Amino acid sequence: MAPRTAQFDIRGMSCANCSRTIREALEEVDGVAEATINAATDEGRVEYDTAKTSLGDLYETIDDAGYSAVKSSISIDITDMSCANCATTNENALTDVSGVISANVNYATGEATVEYNPAEVTPEQLYDAIEAAGYSPVRDDREIERDAAQHDEIRRQLRLTLFGTAFSVPLLAFLIETFLFGGGVLPETVFGVEFGWIEFLLATPVQFVLGWPFYKNSYNALVNNRTANMDVLIALGSSTAYLYSVAVLLELVAGSLYFDTAVLILVFITLGNYLEARSKGQAGEALQQLLEMEADTATLVDDGDEREIPLEEVSVGDRMKVRPGEKIPTDGVVIDGQSAVDESMVTGESVPVEKTVDDEVVGSTINENGVLIVEATKVGSDTALQQIVQTVKEAQSRQPDIQTLADRISAYFVPLVIANATVWGLAWYLIPELLVSVVNTLPLWGLVAGGPALAGGSVSLFEFAVVVFASAVLIACPCALGLATPAATMVGTSIGARNGVLFKGGDVLERAKDVDTVVFDKTGTLTKGEMELTDVIAIDRTNPDLVSDGGATLEDHPKPDEETVLRIAASAERGSEHPLAQAIVAKANAQGIESTEPTEFENVPGHGVRATVDGTNTLVGNRKLMREHGIDPSPTEDTLTRLEADGKTAMLVARVPAGTTSGELIGIVAVADTVKENAKHAVSVLKEREIEVHMITGDNERTAHAVAARIGIDPDNVQAGVLPEDKADAVDAVQSNDNRAMMVGDGVNDAPALAAATVGTAIGSGTDVAIEAADVTLMRDDPLDVVKAIRISEGSLQKIKQNLFWALGYNTAMIPLASLGLLQPALAAGAMAFSSVSVLTNSLLFRQYTPDHDYELLGALR
């Protein structure tokens, strides 16, 4: 590693003190030699030692100082990776580029995700780095170009497979004759030409046409990248069989011809590459299908005129006409009309949603019946659909921790395989008698290789050693191991997107299955968050110990005193955006009671509001707020208790006359929220799965317990009166006993709690899908989707374990067989190709999984 100089564009500086703060923070980082920050140009320059710190550390230091350095990210498709080692090679090549913060290359998706400093590096330099490593990036980021490259690769592999098959069919006949009849059935010459030269003529085109990509990639791997990958093994195995056969044909050595083996090795592996390319395309079809759901055009309405324009020309603020059966072109809000909209492609919900004026709609969803006029609010990459696709792509690029093990194994696998093959080849040549005596005891000895021939003296020691070397090299290619995790992760995240569950990364997909506790926020999560004012109670001010009429509802008893209470409460709450405040104001408006704008307003988080209404200080809030202003709430305790026992949130209304230190209670207002339909079912299913369920809310104790009792949460697991800033501590307390908690909230006020949890889950509204604090975003407002997320996680990890079992189990079983001479090289190559295809096929079967039920696919590992 060597010293480097990094250039930064920094945002947020306003003076020399800002530049000094950043400079001092950077110079405290171990490895930073000098930092120069210019507040006038918003630029920074840092000299640092890459052996001691990284570019990512410098970015984090600037962020921690309260500023931000500009960085960009790009996804690059790479069309010709052949194994997990290729992905590692590309990662290293990209990471070595000065200015790259991080690089992640996914072999299964054929995509590199690179985060970089645009002040130091350009996308062209990233493309060049990939090409220098010996691979082919798709330089145009458009979807159509990526799809074309993928289809070109599939067609190329198919052409090579057909070419090799045409030449290998006659050679296969020779192999069958030798294998079944021991030779002598076919004539030794054709038109005076020995069969050996005919085999040479058939094998040579295949060796150099099908073998060329493997030779080229092997050269790049060994010479340019100083590593050994799958291509090295294939080139080594097929070349060994081919060159040995040429030597025998030229009578340089004695032995049999293995041209058929050399050809079949390349044909089998090329066929495997073709099937693998097809399977990769099928695994990524879910995202492509989502993108294909976008409308192609939009009908713009302007002063009564209608005109059709391409979707990419729609701008924010444009008004669009959407007829029955048409797709809504882009995200927007309904400004005229009423209809039902099918949002299943975004939320997974099959029941159409009624939409009317002021309702939000999601682009690419389908208008079912009425005509809608929609004003565009988000276009292009900002739409919900594009955000979903981007979220899933990022999730697929972030692999589970279990992939680290597979990567580590793959990195050392190829050199160990070559060493193992060399040792066994030499052993068979140097000490054959000892090995024959040992292997003779095995029941499989000679079934598919040359054991008896070697024992009987019909095969030379050198020839058998070559066969063992080629078989041991070919059988152990780590392709299946490299595909096991990313293939299943790709399908699992796509299943989630199809069902309205967005995982931020494969690591999140892995963690969700281990959750043993689910912590729900109450308002907006377990309840609808659509507050409605249910009670307005006037207090008899001539006798503060009495509450009029025992608490009659506003509908039953709209007396002037109660109207006064509602008018004063609504006026005080007009400055608040809290759902409780909005319910009070909405009810006053519905009753025709005119509220006034407060001249002063202060929100008291977790307690209520203070405001000046009609020149008088007014309080609307809980008991604690009243006591802080010298008002005793105890005369109203019975009424408050009754309301709260019914699951309502009760608030006291009081006025504090000017010039006094204490005020008087004038009334009580009570607001109720509706529990979501599936809340009780979700809690029940989680309990059946032996997952503990908690609830945290800022609401009062009685209301919280009333809601908890209604949906089945144990009283001991309810925490009430928790302020937003304290929710993270409450989650930490739940996790203090080594519990792994999933926090479920709305992603805004609950952001710290979401970040503190093992898995933070935000319930979305169908349009706001990019919630930074959450690990999982649920597109629907349905608590039951929490169970769906856990089920998808379990299913995905079971698929990963199955894939790793087949990949590792296959190598574990086959390497000894090949090393002991029990496997022909051609069969070893076919088995190796089959292993990769079987892993991808197993992952593709997972596409049929429906997370509405527990994962019970045949053969699932527990």
Side-chain angles (χ1 to χ4, degrees), residues 1-13 19 22-65 67-78 81 85-107 110-141 220-227 229 394 397-398 407 411:
M1 306 299 282
R4 276 186 183 173
T5 299
Q7 303 285 341
F8 296 98
D9 290 328
I10 302 175
R11 298 291 178 263
M13 292 191 293
S19 59
I22 299 172
R23 176 176 55 80
E24 291 174 351
L26 286 167
E27 290 181 344
E28 288 179 3
V29 176
D30 185 30
V32 171
E34 182 182 7
T36 304
I37 310 297
N38 189 326
T41 61
D42 289 332
E43 292 177 340
R45 180 178 177 276
V46 182
E47 294 181 14
Y48 66 102
D49 186 346
T50 55
K52 295 181 179 180
T53 190
S54 67
L55 186 60
D57 293 334
L58 301 183
Y59 267 90
E60 187 174 341
T61 300
I62 294 172
D63 287 342
D64 290 343
Y67 303 88
S68 63
V70 176
K71 57 184 174 182
S72 299
S73 63
I74 187 175
S75 294
I76 306 172
D77 283 276
I78 305 173
M81 292 190 291
N85 283 359
C86 298
T88 302
T89 298
N90 279 295
E91 278 186 9
N92 293 337
L94 288 166
T95 304
D96 287 342
V97 176
S98 180
V100 169
I101 303 167
S102 65
N104 189 294
V105 181
N106 190 323
Y107 167 45
E111 188 174 52
T113 302
V114 187
E115 194 173 44
Y116 65 96
N117 180 1
E120 289 189 88
V121 66
T122 65
E124 284 299 321
Q125 290 173 289
L126 302 179
Y127 296 142
D128 292 343
I130 294 171
E131 287 184 342
Y135 299 88
S136 305
V138 178
R139 288 181 175 264
D140 195 325
D141 193 43
N220 285 326
L222 294 171
V223 177
N224 296 335
N225 303 320
R226 298 180 183 178
T227 185
N229 60 10
E394 291 174 1
S397 70
R398 282 173 48 183
D407 290 343

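Model, not experiment: these values are computed from the prediction.
Checking D57 against S54 by side-chain atom types alone, a donor-acceptor pair falls below 3.5 Å. N117 and Y59 share a side-chain donor-acceptor pair at under 3.5 Å.
Distance check: T95 OG1 to N90 CG gives 10.0 Å after rounding to the nearest 0.5 Å. Note: N104 CG to S73 OG = 12.5 Å, rounded to the nearest 0.5 Å.
The two residues K71 and P118 come nearest to each other via the heavy atoms CA-CD, 3.7 Å. Closest non-hydrogen pair, M81 versus N106, comes out as CE-O, 3.8 Å. Nearest heavy atoms, I74 versus P123: CD1-CB, 3.8 Å. Across all their heavy atoms, V121 and Y116 have their closest contact at CG1-CD1, 3.4 Å. The shortest non-hydrogen separation linking L58 to L26 is O-CD2, 3.9 Å. Taking both residues in full, the closest heavy atoms of E131 and P137 are given as CG-CD, 3.4 Å, listed atom of the first, atom of the second, then distance.
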**Request:** Could you walk me through whether F8 and I62 pass side chain to side chain contact (heavy atoms under 4.5 Å, CB included), step by step?
**Result:** CA-CA 10 Å; F8 296 98; I62 294 172; 4.2 Å; yes
**Request:** Would you please test E47 and R4 for salt bridge (Lys or Arg N to Asp or Glu O under 4.0 Å) and show each step?
**Result:** CA-CA 6 Å; E47 294 181 14; R4 276 186 183 173; over 6 Å; no
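Proximity of a side-chain donor or acceptor of Q125 to a complementary backbone N or O of T122 within less than 3.5 Å is detected. The backbone N or O of V105 lies less than 3.5 Å from a partner atom in the side chain of E91, making a donor-acceptor pair.
Taking the side chain as every heavy atom from C-beta outward, R11 and V70 approach each other to under 4.5 Å. Looking at heavy atoms from C-beta onward, D63 lies in side-chain contact with S68 at the 4.5 angstrom threshold. Contact annotation: the side chain of T89 approaches that of Y135 to within less than 4.5 Å [non-hydrogen atoms, C-beta and beyond]. Inter-residue side-chain proximity for L94 and I130 is flagged as met; some heavy-atom pair is nearer than 4.5 Å.
For the side-chain contact (heavy atoms from CB on, under 4.5 Å) with E120, the qualifying choice from L55, V100, V97, T5 is L55, the only one to do so.
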